[in-house]
Amino acid sequence: MTPEQTVKLINLLTSKRTELGLSINEVARRSGIDAGSVWRIEQGKIAKPRVKSIIAIGRVLEINPIELFTAVGWLTSDDLPDLGTYLTTKYADLPATAVENAERYIDTLRTPPAHPTSPGCHHAGTIADPCPQRINHCPQCPCAPMGY
């Protein structure tokens with residue numbers, strides 16, 4: 001694992017454990033992993049934690065193994081399904097039009113705005129729809145209030 005991946009894992013484990021109000025000892029008890037090992041994993045002291053240990057701790061902390069494997073770099077974006085496949089698998093009853101709308105929306109988030117932005121415009125790289133800020137608009141902003 002890279003130092004960045006270690007930090008991501010530490011933050012993920014610590015925040016979930018804190019959110020659930022569990023001690024390291026309780027996570028260890030529920031996961032069947034030695035408390036010292038759980039502590040060392042959470043502190044980033046183990047450079048290459050065992051898959052079995054990560055999965056066991058993740059189950060206790062209600063973290064999906066895919067999320068854990070992505071955090072530690074065992075899965076990359078190339079290993080993950082596209083958004084449409086993910087949505088239709090996870091939400092089998094989701095209408096096809098909803099999946100298409102979600103894909104289109106994600107595309108708009110990844111595409112720079114079609115208009116040049118004025119200095120200070122909050123759209124300097126992304127378009128939010130609907131705009132959550134309603135401030136610092138350039139005249140071309142699609143979300144600029146009337147009478148800009």
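Between P49 and L9, the closest side-chain pair of non-hydrogen atoms falls below 4.5 Å. Counting heavy atoms from C-beta on, the side chains of D34 and V38 never come closer than 4.5 Å. Residues V27 and I33 have side chains not in contact (no heavy-atom distance under 4.5 Å, counting atoms from C-beta outward). In this structure, S53 and I41 have side chains that are in contact, with non-hydrogen atoms separated by less than 4.5 Å. Side-chain contact between L68 and L13 is present, with at least one heavy-atom pair separated by less than 4.5 Å.
Here the NZ-OG distance, from K45 to S37, works out to 14.0 Å after rounding to the nearest 0.5 Å. Atoms CD1 and OG1, from I66 and T70 in turn, are 6.5 Å apart once rounded to the nearest 0.5 Å. With rounding to the nearest 0.5 Å, the separation of CD1 in I55 from CD1 in I63 is 12.0 Å. Rounding to the nearest 0.5 Å gives a distance of 12.0 Å between CG of N25 and CZ of R30. Remark: K8 NZ to T2 OG1 distance equals 8.5 Å, nearest 0.5 Å. Here the CD1 atom belonging to I24 is positioned 11.0 Å from the CZ atom belonging to R40, to the nearest 0.5 angstrom.
A side-chain donor-acceptor contact under 3.5 Å links E103 to the backbone of G84.
Residue A35 comes nearest to A28 through the heavy atom pair CA-CB, 3.5 Å, listed as atom of the first residue, atom of the second, then distance.
Placement of W39 and I46 within a single hydrophobic cluster is found when ILVMFWY residues are connected by side-chain heavy-atom separations under 4.5 Å, directly or transitively. Cluster annotation: V7 and I54 are assigned to distinct hydrophobic clusters (Ile/Leu/Val/Met/Phe/Trp/Tyr, side-chain heavy-atom contacts under 4.5 Å, transitive). Residues I10 and V51 do not share a hydrophobic cluster, clusters being chains of Ile/Leu/Val/Met/Phe/Trp/Tyr side chains in contact below 4.5 Å.
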Run the side-chain donor-acceptor check on residues 15-22: report pairs under 3.5 Å with partners two or more places apart or on a different chain.
residue, atom, partner, partner atom, Å
S15, OG, N11, O, 2.8
S15, OG, L12, O, 3.2
R17, NE, E42, OE1, 2.8
R17, NE, E42, OE2, 3.2
R17, NH1, L22, O, 2.9
R17, NH2, E42, OE2, 2.7
T18, OG1, T14, O, 2.8

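The list of ring-ring contact (aromatic ring centres under 6.0 Å, His included) pairs with a residue in residues 58-104, not counting sequence neighbours, reads F69-W74.
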